[in-house]
Trainee: 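I'd like to ask some things about the structure below.
Below, chains carry the letters A, B, ... as their sequence lines are ordered, and counting in each starts from 1.
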Amino acid sequence: MRVLITSAIPYINGIKHLGNLVGSQLPADLYARFMRARGHEVMFLCATDEHGTPAELAATKAGKPVADFCAEMHEVQATIAKGFGMSFDHFGRSSSPQNRELTQYFAGKLAENDLIAEVTGKQVYSNADGRYLPDRYIEGTCPNCGYDGARGDQCENCTKQLDPTDLLEPRSAISGSTDLEVRDTKHLHLRQSTMVDQLEAWIDSKKDWPTLTTSIARKWLRDGDGLQDRGITRDLDWGVPVKNGTEDWPGMEGKVFYVWFDAPIEYIACAAEWAEANGKSEADWQRWWRTDKGADDVKYVQFMGKDNVPFHTLSFPVTILGSNEPWKLVDYIKSFNFLNYDGGQFSTSKGRGIFMDQALEILPADYWRWWLLSHAPENSDSEFTWENFQSSVNKDLANVLGNFISRITKFCRSKFSEAVPAAPLDAIAQERAGLWASLAPLIKEYETHMEAMEVRKSANTLRAIWVVGNEYLQNTAPWTVNKTDPEAAAAIVHVSLNLIRLFAVVSSPFIPHAAQQMMDDMHTDDWSWPEDESALSALSTDHAFTVPEVLFAKIDDETREGWAERFAGKRD
RNA sequence: GGGCCUGUAGCUCAGUUGGUUAGAGCAGAGCGCUCAUAACGCUUUGGUCGCAGGUUCGAGUCCUGCCGGGCCUACCA
């Protein structure tokens, strides 16, 4: 089985916060690393989502042409993602030529299959800004409650749904200009409504999907008037120009596709970008995406926050199915709730919470990876607090895992040498068998949870595996045995040192950097997954190692308080 | 307004198709160990499972109502 994995693609307008990370890229990376470790061929793709009004405005604010702004922000996000250990096979860009071509191609196919309608509607145009304004970029006084900061889509004060034309004294949220007019403009609509039955049957067939995923999909399918057709074009400069395949689309000159149409297609285009970047052929990427070209044995899994679910369960599948071509449809959608920050929401726009760059400034990635994954908001929204973070890091990483490695390597150095000690083979075999008997059921449980993408449960089980190391040392007490029977103590140490390698291998999906450090310290590159007790014999007698530096440092109260204070307000 | 999710020990969470005395980690208490990042191991105290009804031989689990928290509601992405 080959595994295709995509993470929801992060929007280009700024650096993402930890809430964004834990809902998409991080669990996707966890799964990708695990599946690779289990010997599967994996294609893990992500990209930046670069089109749309917010990107244009962010570029304007930064005083840069939007293309330059996106290119820069793409590099920034790529660097930070790398810092967090994201093992993307490719980190692409939705503004790539490949995506432009594919997006236009899909639009052409959809038109060919009668799934595109041309609809003329009314849209607010701002003369001062020289652009059409999305509903939420129009502000004015709410006709319902009189709040003067109401947006064109909804009044934040009284929560009433609004139409921009409902607003009293409307103005541009960008410039404040009141020189607005309503113009007729033609757009393409994706006729999703014609495929409701097909989509519902498809969703119904996914018995093992998270409730969060299917319930959101069903809600959109059947709520109110049911699934509505959706505009897939916009009056903007920055985006994929509207074309019918390679042909011009009469009447759509100067318009672009809506970001939510081209962004999921980037999942596919990203594979094409990967091929170009790595000297691969078209066939090399199509074997992941075309079931007529080798993708039959591919399992495709998507990771995303719950806000992304409607587009991935409905709109994008309409694009795929509606093309009437054998493109790979998603097999499993893992969705997440939101992570809150210390009593409120993380917010990009308000600068509240911890952002990815800041997180890496204060601690290595694995500290964050461990906490975020072991507290992933799978069943409900979860909350980050500094106390909880400190407690988890100190207890799980420093005390249970880090200190285990420290105590056994230092004991070995002190009583034997910095190498795996020699011991009678039967004694080693006996210790190995006993230790493996404790580990085997936990490793099996870990595999089961990881395969099911049960992130929290996987973390709990991994922690239980680490605890086995300390239990083993406590029960066998080599420091006592060594006083009367050094050979028996040597056998215990021999096996314990091998346990470090095993820990590194099974832990690597969660904490890849620390795992690499553990492997380096043990002077090994044997990443083979533990299948039986031979996993505890990878390092043989006289195999040298280095006593590691502190693998995970503890967070003291003073430091924690300092961070809590520093991150209490807005980011700089 | 409508819909979905959620409420289990001081804290963070597990609890499979309803089935005996409701579990884990952290925090608290006691004991042990001394190799180790004052770390580790063992034992242990904490729960009317949000509230009130109902179905059932039996409800944390199913139904109804109420209360609290969260999210979504289609032109931000």
Trainee: Quick one: is B:rA77 close enough that its OP1 or OP2 comes under 4.0 Å of any side-chain N or O from A:Y258?
Mentor: yes

Trainee: What integer number of Å spans the P atoms of B:rU48 and B:rA9?
Mentor: 9 Å

Trainee: Is the ring pair A:W371/A:H375 parallel, tilted or perpendicular, if the boundaries are 30 and 60 degrees?
Mentor: parallel

Trainee: Take A:N470 and A:Q474 through the side chain to side chain donor-acceptor pair (under 3.5 Å) test and state the conclusion after the steps.
Mentor: CA-CA 6 Å; A:N470 287 309; A:Q474 192 66 34; over 6 Å; no

Trainee: Looking at B:rC40, I'd like to know if its phosphate oxygens (OP1 or OP2) sit under 4.0 Å from a side-chain N or O belonging to A:K395.
Mentor: yes

Trainee: Determine the interatomic distance between C1' on B:rU56 and the same-named atom on B:rU45; round to the nearest Å.
Mentor: 35 Å

Trainee: Could you tell me whether the side chain of A:N403 has a donor or acceptor atom within less than 3.5 Å of a complementary atom in the base of B:rA36?
Mentor: yes

Trainee: Say we look at B:rG53 and B:rG32: how far apart would their P atoms be, to the nearest angstrom?
Mentor: 50 Å

Trainee: Answer yes when A:R171 and A:E139 have at least one side-chain N-carboxylate O distance shorter than 4.0 Å, and no when they do not.
Mentor: yes

Trainee: From B:rU37, B:rC35, B:rA77, pick the nucleotide closest to the side chain of A:V550?
Mentor: B:rU37

Trainee: With both distances kept under 3.5 Å, what pairs with B:rU55, Watson-Crick or G-U wobble?
Mentor: none

Trainee: Using the P atoms only, state how far B:rC76 lies from B:rG3, rounded to an integer number of Å.
Mentor: 24 Å

Trainee: Base, sugar-phosphate, or nothing for A:K457, non-hydrogen atoms under 4.0 angstrom?
Mentor: sugar-phosphate

Trainee: If I pick the C1' atom on B:rG65 and the same atom on B:rG19, what distance separates them, to the nearest angstrom?
Mentor: 27 Å

Trainee: Assign A:L551 to base, sugar-phosphate, or nothing according to its heavy-atom contacts below 4.0 angstrom with the strands shown.
Mentor: base

Trainee: Give A:D307 one of three labels, base, sugar-phosphate or nothing, depending on what nucleic acid heavy atoms sit under 4.0 Å from its own.
Mentor: base

Trainee: Give me the distance, rounded to whole Å, that separates B:rU43 from B:rC26 when you measure between the P atoms they each carry.
Mentor: 13 Å

Trainee: Map A:K410 and A:E378 onto RNA chain B by nearest heavy atom, then report which one ends up closer to the 5' terminus.
Mentor: A:E378

Trainee: Which is more 5' along RNA chain B, the nucleotide nearest A:R463 or the one nearest A:S406? Just name the residue.
Mentor: A:R463

Trainee: Counting Watson-Crick and G-U wobble pairs only, both distances under 3.5 Å, name the nucleotide matched with B:rG41, or none.
Mentor: B:rC31

Trainee: Using the P atom as the reference point in each nucleotide, state the distance between B:rG47 and B:rC5 in Å, no decimals.
Mentor: 31 Å

Trainee: For B:rG2 versus B:rU61, give the span between their C1' atoms, rounded off to a whole number of Å.
Mentor: 27 Å

